[in-house]
Amino acid sequence: MDGKFAIDQDNCAFRIVDGEAVLIHSETTFYYGLNEVGTKVWQMLLDSDVTVDEVAWKLHGDSGEPPAELVAATAAFLGELANEQFLTKGGGVTAGHSDPTAPLTAPDAPDWMPQINKYDSLDELIITGE
């Protein structure tokens, strides 16, 4: 995945609560929770546009995980954010919405992997404690 990713400010409202980002899509009103590593990636995006390799290199320094695994996990994570229309890539291109019922991150994903979880209501987000 070449090109830089940037936050699409038109579609996104967010807050960081207890070290984890909560995103709300302005059109669909779906809520998303990012784990601690996903929040680190989000904060990198807040600072500047980033490439997959730049994010993976930073995560490698923080976690020590193998670079190839981090590149794959980072590419998947940024792709998910782009599919949900939170990011633009290389000149403002955004992807379409993914299947609203499809899970975004595997529940058994390792802690070093950036993760995003999608909720269709605020009640679901509050009940799960994500």
Side-chain angles (χ1 to χ4, degrees):
M1 280 190 161
D2 294 333
K4 292 203 175 239
F5 288 86
I7 294 173
D8 184 347
Q9 301 288 339
D10 293 335
N11 288 331
C12 180
F14 73 94
R15 287 272 189 253
I16 298 176
V17 180
D18 295 329
E20 295 188 359
V22 176
L23 314 177
I24 303 171
H25 193 282
S26 61
E27 291 179 19
T28 65
T29 67
F30 285 121
Y31 292 78
Y32 302 78
L34 306 183
N35 71 342
E36 185 178 336
V37 179
T39 300
K40 286 181 185 179
V41 175
W42 187 257
Q43 289 171 319
M44 287 183 234
L45 287 158
L46 290 171
D47 292 338
S48 66
D49 299 355
V50 296
T51 65
V52 169
D53 288 339
E54 290 168 341
V55 173
W57 182 253
K58 173 67 172 138
L59 293 178
H60 172 68
D62 290 348
S63 71
E65 290 299 320
E69 290 182 29
L70 285 167
V71 168
T74 299
F77 179 74
L78 292 174
E80 289 171 351
L81 287 172
N83 283 340
E84 296 301 319
Q85 297 184 337
F86 286 120
L87 301 182
T88 59
K89 183 180 176 230
V93 176
T94 50
H97 285 293
S98 62
D99 177 356
T101 61
L104 297 177
T105 301
D108 58 347
D111 290 340
W112 58 262
M113 185 180 290
Q115 298 175 42
I116 179 173
N117 294 297
K118 183 176 184 177
Y119 305 94
D120 62 2
S121 72
L122 185 55
D123 291 338
E124 183 180 353
L125 179 65
I126 292 169
I127 290 169
T128 61
E130 298 276 329

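Here the structure is a predicted model, which is why all the values come from computation and not from measurement.
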Among V37, V52, V41, which residue meets the side-chain contact (heavy atoms from CB on, under 4.5 Å) test with F77?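 Of the listed options, the one satisfying the test is V41.
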F5 and side-chain contact (heavy atoms from CB on, under 4.5 Å): which single residue from V55, L45, T51, L81 fits?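 Option passing the side-chain contact (heavy atoms from CB on, under 4.5 Å) with F5: L45.
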Hey, is the main chain of D10 close enough, under 3.5 Å, to the side chain of S26 for a donor-acceptor pair?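 The answer is yes, because a donor-acceptor pair under 3.5 Å joins these two groups.
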Would you find a donor on one side and an acceptor on the other, under 3.5 Å apart, between the side chain of N35 and the backbone of Q115?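 Such a contact is found between N35 side chain and Q115 backbone.
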Taking atom CG of D111 as the centre, does the number of heavy atoms from other residues, nucleotides or ligands within less than 6.0 Å exceed 12?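 Check fails, neighbour count at 12 or below.
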Tell me whether the count of non-hydrogen atoms from other residues, nucleotides or ligands lying under 6.0 Å of CD in E36 goes above 12.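 No, the 6.0 Å shell around CD holds no more than 12 heavy atoms from other groups.
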Linking I/L/V/M/F/W/Y whenever their side-chain heavy atoms sit closer than 4.5 Å, directly or via other members, would L46 and L34 fall into one cluster?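 Result: yes, single cluster for both.
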Say you draw a straight line from [atom1] of [X] to [atom2] of [Y]; how long is it, rounded to the nearest 0.5 Å?
X	Y	atom1	atom2	answer
T28	D120	OG1	CG	10.0 Å
K58	S63	NZ	OG	10.5 Å
I116	N83	CD1	CG	10.0 Å
L23	N117	CG	CG	11.0 Å
M113	L59	CE	CG	11.0 Å
E69	T74	CD	OG1	11.5 Å

Is the centre of the F14 ring less than 6.0 Å from the centre of the F86 ring?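 Ring centres of F86 and F14 not closer than 6.0 Å.
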Determine the minimum heavy-atom distance between I16 and Q43, stating which atoms define it.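 The pair with the smallest heavy-atom distance is CD1-NE2, 3.4 Å.
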Taking all non-hydrogen atoms of both residues, which atom of T39 and which atom of A21 are closest, and how far apart?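 So the minimum-distance heavy-atom pair works out to OG1-N, 2.8 Å.
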Any salt bridge linking E54 with K4? Criterion: basic side-chain nitrogen under 4.0 Å from a carboxylate oxygen.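 Yes, charged N to carboxylate O under 4.0 Å.
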What do the steps show when you test W42 against I7 for side chain to side chain contact (heavy atoms under 4.5 Å, CB included), and what is the final call? CA-CA 9 Å; W42 187 257; I7 294 173; 3.6 Å; yes
For residues H25 and E84, determine if any side-chain heavy atom of one lies less than 4.5 Å from a side-chain heavy atom of the other.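 The answer is no, as the side chains (C-beta and beyond) never meet within the 4.5 Å cut-off.
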Can you check whether Y32 reaches C12 side chain to side chain, under 4.5 Å on heavy atoms?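 No. Closest side-chain heavy atoms not under 4.5 Å.
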Parallel, tilted or perpendicular: which describes the rings of W57 and H60, with under 30° parallel and over 60° perpendicular?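 Taking H60 first and then W57, their aromatic rings sit tilted (interplane angle of 30° to 60°).
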Working note: D8 + L87, criterion side chain to side chain contact (heavy atoms under 4.5 Å, CB included); need CA distance, chi angles, decisive distance, verdict. CA-CA 5 Å; D8 184 347; L87 301 182; 6.0 Å; no
